[in-house]
S.K.: 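To start, I am sharing the structure in question, which I have written as structure tokens.
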Amino acid sequence: MEERLQKIISRAGIASRRAAEKLILDGRVFVDGQVVRELGRKCDAARAVISVDGIPICRAERRVYFLLNKPKGFFSTARDERGRRTVLELLPEVKERVYPVGRLDANTEGLLLITNDGALMNGLLHPRYEVEKTYVAKVTGNLTEASLKLLGQGVLLEDGLTAPARVRLLEQGTEVSRVEITIHEGRNRQVRRMFSAVGCDVKALKRVAFAGLGLEGVKRGEYRELSREEVAMLYEIAGMD
Ligand code: URA
């Protein structure tokens, strides 16, 4: 069935009808690889490949992208067989079938992306793209200059040497210290295991940045939708632009 292009774009949830018209006039809409600038154009949404700013619009289900500030105590799975609380319970209004992009331990808090865009999710999690993740860890134990240096250079874990990391001491206390660490690998419980390898115990862990996105303006337990620009940036980072 043929429909006007602006109607298809707005139904996909990308923009209002008027904003979709502007997208077309601005030359940001492509149908089957060709730019379309006239408003009268009709096409069949079930057959044509329509993209806005290079991002294909999904025919079956609108693609959605959220940034969640996960509190402790929630599991990063879509469902939990043992009935434990999952991160998806924090987005009750979201009707699409979404999944978390990777995992945070149940007792880790902070930034977790949630989407139904499987291709983007795979790209962001693929080791090839070395997506940066920054954590703030509250640690106990003897945190020395040497251990900070070692964390930055790479420590030997049971699954091999960790890649170089950026490490910054935020606060050195007599009992507890705070350290910011940026890694671009995604091994299981990596940050906790790295600190353990240098004789420190992580008492609290928070992810404060992921792929260039931060937690600004999103309180613990809350979430927000990503902007088109942010999604485009993620596509670029995941090698999909
Ligand atoms: N590293 C950890 O140890 N835990 C997380 O949740 C994330 C990174």
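As the structure is a computational prediction, the values presented were derived from the model and not from experiment. Counting starts at 1 for both ligands and their atoms, in listed order. Starting from 1, each residue takes its place in the sequence as its number. Reckoned from all heavy atoms, side chains included, excluding hydrogens, waters and symmetry mates.
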S.K.: Between Lys42 and Glu3 (salt bridge meaning N to carboxylate O under 4.0 Å), is one present in this structure?
M.R.: no
S.K.: Does the distance from a Lys or Arg side-chain N to an Asp or Glu carboxylate O, for Glu171 and Lys138, drop under 4.0 Å?
M.R.: no
S.K.: Could you tell me whether some N/O pair between Tyr135 and ligand 1 is separated by less than 3.5 angstrom?
M.R.: no
S.K.: State which residue, out of Asp32, Ile57, Val31, fulfils the side-chain contact (heavy atoms from CB on, under 4.5 Å) condition with Val49.
M.R.: Asp32
S.K.: Would you mind checking if Asp159 and Arg193 are paired as a salt bridge, meaning a charged N to carboxylate O distance below 4.0 Å?
M.R.: yes
S.K.: How far is atom 4 (N) of ligand 1 from its nearest protein heavy atom, and which residue and atom name does that atom have?
M.R.: Asp105 OD2, 2.7 Å
S.K.: Examine the proximity of ligand 1 to Leu205 and report which part, side chain or backbone, both or neither, has a heavy atom under 4.0 Å away.
M.R.: side chain
S.K.: Would you kindly specify which portion of Val191 sits under 4.0 Å from ligand 1, judged on non-hydrogen atoms: side chain, backbone, both or neither?
M.R.: both
S.K.: Between ligand 1 and Thr108, is the shortest N or O to N or O distance under 3.5 Å?
M.R.: yes
S.K.: Please determine whether a side-chain nitrogen of the Lys or Arg among Asp105 and Arg103 lies less than 4.0 Å from a carboxylate oxygen of the Asp or Glu.
M.R.: no
